[in-house]
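Everything below concerns the one structure shown next.
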Amino acid sequence: KEKNRKMRVYKEYALAGLLHCKECNSSMTPCHTNKKRKGRTKHYYYYRCTKTFKEDWDSCSIKQVNATRLENYIFKNIERISSDKHYIDSLIFKLNNSESGDRIGLELTGESLKISSEIFEQTLSFFVQGLYEKKGIDRSIWVKDFIKRITYSKEEIFITLYYKKSF
């Protein structure tokens with residue numbers, strides 16, 4: 001009883017509060033496990049579908065996803081998109097000319113205004129630059145300033161970005 005236990009967060013989850021499970025529409029919450037092997041503790045970090053907490057492990061086939069791998073995958077792909085002028089031009093054309101109900105893998109929320117591919121490219125580049133410059137809680141706040149929601153499934157990741165007139 002007298003032992004002083006320290007609860008320490010080993011990882012700042014950059015996508016905490018943004019991830020949702022596509023299969024059951026539950027949020028995906030950060031969690032971790034600790035495994036001891038040969039006297040050393042190794043930490044494993046996940047985003048876990050909350051339905052598996054509330055009901056049982058088999059209630060959702062998504063279950064969980066490795067946090068570091070998912071974050072790296074999303075951020076690397078946003079970085080790749082930010083430097084692909086042709087892809088951005090095509091994406092912005094689809095966004096500007098699609099019906100509001102169309103889902104094309106990436107959408108902008110906010111006012112229904114036309115957006116230029118140059119502004120979108122600059123904004124993505126600005127976002128990627130901040131990802132490399134910021135650490136810990138500052139990085140998590142940075143991500144939440146740009147990304148509104150991420151819907152995850154094993155087949156696709158759907159990202160909803162905020163639309164802001166200026167940053």
Side-chain angles (χ1 to χ4, degrees), residues 5-84 86-88 90-91 94-95 102-109 120-121 123-164 167:
R5 292 182 62 185
K6 293 183 182 180
M7 300 302 284
R8 182 164 49 141
V9 176
Y10 295 100
K11 176 177 176 41
E12 191 63 48
Y13 293 88
L15 304 177
L18 300 174
L19 274 172
H20 297 276
C21 175
K22 183 178 180 184
E23 179 181 314
C24 64
N25 204 29
S26 297
S27 60
M28 296 184 77
T29 189
C31 66
H32 73 278
T33 58
N34 298 321
K35 305 265 178 149
K36 287 198 175 202
R37 180 181 259 179
K38 297 180 183 175
R40 301 196 67 149
T41 301
K42 183 160 176 154
H43 310 285
Y44 295 91
Y45 304 101
Y46 301 96
Y47 290 102
R48 183 173 169 183
C49 178
T50 56
K51 191 171 185 180
T52 63
F53 283 121
K54 293 177 181 177
E55 294 179 18
D56 70 7
W57 181 249
D58 294 323
S59 62
C60 179
S61 67
I62 300 291
K63 293 181 183 24
Q64 63 188 13
V65 60
N66 180 291
T68 304
R69 287 178 61 195
L70 181 63
E71 290 168 5
N72 289 340
Y73 180 81
I74 288 173
F75 298 149
K76 289 290 182 194
N77 276 285
I78 289 175
E79 179 181 11
R80 180 187 53 79
I81 290 168
S82 74
S83 61
D84 188 341
H86 179 72
Y87 183 86
I88 289 174
S90 174
L91 177 64
K94 289 178 186 178
L95 285 170
D102 288 352
R103 292 174 62 115
I104 60 170
L106 182 66
E107 70 177 341
L108 300 169
T109 62
F120 187 76
E121 182 179 1
T123 303
L124 282 182
S125 295
F126 183 61
F127 172 67
V128 169
Q129 179 184 350
L131 284 176
Y132 289 109
E133 293 172 356
K134 299 184 183 306
K135 303 288 181 221
I137 190 76
D138 290 334
R139 188 173 196 231
S140 295
I141 292 168
W142 182 256
V143 169
K144 288 166 185 63
D145 280 346
F146 287 86
I147 299 176
K148 182 176 184 181
R149 180 183 171 112
I150 300 170
T151 305
Y152 173 82
S153 76
K154 293 175 183 174
E155 295 79 30
E156 68 180 356
I157 300 171
F158 188 82
I159 302 172
T160 304
L161 301 174
Y162 283 111
Y163 171 76
K164 297 180 182 182
F167 286 97

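Because the structure is predicted, anything quoted here is derived from the model rather than measured. Just the heavy atoms: all of them, side chains too, but no hydrogens, waters or symmetry mates, feed the values below.
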Below 3.5 Å, can you tabulate the donor-acceptor pairs from side chains in residues 134-142 to any protein atom, sequence neighbours excluded?
from	atom 1	to	atom 2	distance (Å)
Arg139	NE	Leu131	O	3.1
Trp142	NE1	Phe127	O	2.9

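With sequence neighbours left out, Arg80 forms a side chain to side chain donor-acceptor pair (under 3.5 Å) with Asn77. For Asn25, the side chain to side chain donor-acceptor pair (under 3.5 Å) criterion is met by Arg149, not counting sequence neighbours. Applying the side chain to side chain contact (heavy atoms under 4.5 Å, CB included) test to Ser26 and every residue at least two apart in sequence or in another chain returns Cys24, Cys49, Thr50, Lys51. Annotation: salt bridge (Lys or Arg N to Asp or Glu O under 4.0 Å) contacts of Asp56 (sequence neighbours excluded): none. Remark: Tyr152 pairs with no residue by the side chain to side chain donor-acceptor pair (under 3.5 Å) rule, at least two apart or across chains. In this view, Thr52 and Arg48 satisfy the side chain to side chain donor-acceptor pair (under 3.5 Å) rule, not counting sequence neighbours. When the salt bridge (Lys or Arg N to Asp or Glu O under 4.0 Å) test is applied to Glu23, no partner is found at least two apart in sequence or on another chain. Lys35 meets the side chain to side chain contact (heavy atoms under 4.5 Å, CB included) test with Thr33, Tyr44; sequence neighbours excluded.
For residues 63-75, the side chain to side chain donor-acceptor pair (under 3.5 Å) pairs, not counting sequence neighbours, are Lys11-Glu71, Tyr47-Glu71.
Applying the side chain to side chain contact (heavy atoms under 4.5 Å, CB included) test between Met28 and each of Val65, Thr151, Leu70 identifies Val65 as the sole match.
For Ser125 (side chain) and Glu121 (main-chain N/O), a donor-acceptor pair under 3.5 Å exists by modelled atom type.
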